[in-house]
Amino acid sequence: MRIVNMILACTLVGLLLLNYGLKHEVREMEREAGAKARMIAENTAALGVLRAELSYLSRPERLEALARGPLGLRSPSPEQVIPYGEFMGERETGQ
Amino acid sequence: MTRIGADAHIHSAALRRVRSGGVRLVMAMGLLVTCFAGIAAQLLVLGLAPAQPLRIASYQTTIEHTRSRPDILDRSGRLLASDLPVYWLYADPSRVIDADTAAERLAEVLPGRDVPALRKLLAGEGRFVWLHRGLTPAQAERVHRLGLPGLGMFLENQRVYPAGASAVHVLGHADVDNRGVAGMEAYIDAHPEIVIPARGDDERPSVRLSLDLGVQHIVDEELRTALETYDALAALGVVMDVRTGEVLALTSLPSYDPNRREASLLPGRHNRLIADTYELGSVFKTFTVALGLDRDIVRLDDRYDIKTPLDVGGFRLADAYARQQYATISEIFIRSSNTGAARLALDIGGYWQRDFFSRLNLLERATSELGPTAQPLVPQVWREANTVTASYGHGIAVAPLSFAAAAAALVNDGRLVPPTFLPRGRDAADALAVRVLKPETGSIIVDLLRLNVTRGTGRRAAVPGYRVGGKTGTANKPRPGGYHDDKVLGVFFAAFPMDDPQYLVFVMLDEPKGTHETGGRNEAAWNAAPSAGRIIARAAPLLGVAPDASFDERSAASY
């Protein structure tokens with residue numbers, strides 16, 4: 001009877017230690033998951049900031065100023081605009 | 001002492017020693033068991049207790065106060081509005097140790113804050129004061145590094161509008177708590193079902209509008225140029241898909257930057273296309289002619305006297321520049337004859353004129369996602385004089401957006417489609433469309449509008465190749481007891497391409513002045529019409545309308 005009790009006690013302690021170890025591992029993994037979730041959240045936020053910056057930098061007002069200023073471009077005249085299909089047709093017929 | 005007595009004494013002493021050793025052993029065992037039981041209990045607690053999340057007291061990293069709003073995109077997916085994470089800095093003055101030093105150090109970090117104001121806040125009596133809302137992550141880090149006690153930060157959302165003032169009157173803006181308070185921002189809060197959910201972690205929920213940012217920019221810029229060139233009080237513009245009612249661009253100048261929403265409170269920054277009503281003048285002649293043709297009252301070659309003044313309702317109406325006694329309906333339209341339109345309206349009759357305006361939704365508030373338009377100013381009793389003045393757009397004041405939608409019906413085979421700021425397909429538009437004119441009448445009106453740009457008052461709106469048609473309107477502004485002689489509204493509505501009208505452009509200038517280039521003239525033909533032409537010249541390629549020079553030659557030969 002004493003041996004059985006000893007075995008049960010040892011098993012209990014072993015299981016407790018195993019449970020503790022597992023819990024510790026889970027916590028470690030939770031910490032890692034939390035860090036990764038934070039990283040994702042930070043990157044998502046950074047992505048939002050970058051998208052907003054991209055939109056700010058590519059707003060038509062700014063692009064037009066760059067096109068008309070340093071690049072010296074101007075709006076196309078109607079004679080310079082032809083439908084894409086017409087353009088491809090001319091290319092294919094070698095005109 | 002006997003031997004027996006001595007043995008008994010020894011045995012008794014040994015027994016006491018054994019007994020006391022046993023007690024010590026039991027005590028040691030008890031201690032050990034208690035220790036191990038404590039360790040086991042702690043193991044149990046550690047093993048079974050749920051994990052507690054970590055919290056940082058002064059640097060909150062989750063957004064808890066402001067709501068998250070969806071991105072707003074234009075019809076091509078270009079970003080018009082989004083949320084950015086910013087920090088809100090607060091202080092608990094009771095925990096601030098040295099308010100003077102804290103104020104001086106904070107003033108070096110916080111943008112636009114001076115030391116005295118900060119000192120007053122930090123030395124106050126309360127337990128909570130806002131120091132700054134909207135710190136960037138970099139600024140927040142600098143504040144954090146100051147290590148000042150009594151400060152704290154919340155991470156919150158702030159609405160940003162990367163395109164600035166462009167389309168501000170459609171987008172509206174959000175308040176400091178990120179709630180929509182105007183425009184589509186308010187509509188989104190009231191109709192969350194229009195939000196498209198995010199498809200992944202790297203996406204945000206979004207709402208797509210019917211606006212085209214490129215076209216919007218063109219309208220903004222051309223109207224800003226017109227506002228300056230003609231020294232006008234205000235400039236309005238709309239570009240609309242006549243088939244679907246989708247608004248592609250809407251501008252009301254002066255405007256404001258929604259990133260500085262307090263500017264919306266400045267006088268005159270409201271959306272005049274919806275919140276104001278105007279007597280739009282001769283553009284209404286298009287309705288008069290359309291109704292006369294639709295009801296078979298007249299044909300295009302029927303003539304009216306335009307030289308003899310018309311006396312009605314106690315006032316005399318005369319065309320100042322009438323060059324001939326009689327003019328056909330086409331001539332009345334392209335020369336914008338008031339007496340001709342008035343005589344036609346009298347033949348049609350006030351009842352039918354009012355009925356037509358009602359069917360065009362010009363007599364009631366029109367609704368869109370931006371809310372109802374201002375209540376039109378309409379005569380309570382429709383007398384002959386009202387029929388006459390309404391025929392050329394006076395005595396009836398409507399919101400410009402309502403007019404644009406009604407004008408679009410004239411070039412959409414006579415079908416009225418309510419305007420929208422959300423994408424709408426052809427099928428959905430067809431289901432909503434209400435017929436207000438026969439298709440053949442619509443076809444004649446398209447020809448007349450084209451004729452007006454090739455030979456009439458709209459010549460300065462012509463753009464080679466893009467087949468523009470339109471009608472001018474120069475309306476004297478009302479004043480108490482009459483109309484100003486020198487203050488006018490310059491109005492022009494155009495449609496293109498007129499071989500198959502797809503888009504409507506509406507331009508209105510409030511009190512445009514004559515310039516050296518216009519020879520001092522301030523009529524719409526000299527300001528609103530060329531402005532609309534410039535918008536079309538730049539926007540047509542973006543809208544996929546290809547120029548067709550041969551149409552100009554064909555149409556010139558046919559008229």
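Just so we're on the same page: letters track the sequence lines, and every chain starts at 1. The analysis underlying the following values was restricted to heavy atoms, covering all of them including side chains, and did not include hydrogens, waters or symmetry mates.
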Quiz item: Roughly how far, to the nearest 0.5 Å, is OG of S166(B) from CZ of R59(A)?
Solution: 10.0 Å
Quiz item: Which region of L84(B), side chain (C-beta onward) or backbone (N, CA, C, O), has a non-hydrogen atom less than 4.5 Å from a non-hydrogen atom of chain A, or is it both or neither?
Solution: side chain
Quiz prompt | CG on L16(A) to CD1 on I39(B), rounded to 0.5 Å | solution = 11.5 Å
Quiz item: How close do L79(B) and A52(A) get, heavy atom to heavy atom, and via which atoms?
Solution: CD2-CA, 3.9 Å
Quiz item: Hey, is CZ on R260(B) packed in by over 12 heavy atoms from elsewhere, all under 6.0 Å?
Solution: no
Quiz prompt | Enclosure of L71(A) CG (heavy-atom neighbours >12, cutoff 6.0 Å) | solution = yes
Quiz item: Just how far is it from atom CZ of R51(A) to atom CG of D71(B), taken to the nearest 0.5 Å?
Solution: 7.5 Å
Quiz prompt | Any donor-acceptor N or O pair under 3.5 Å, side chains H217(B), E64(A) | solution = yes
Exercise. Please look at R78(B) and chain A and tell me whether the side chain, the backbone, both or neither of the residue comes under 4.5 angstrom of a heavy atom of that chain.
Key: neither
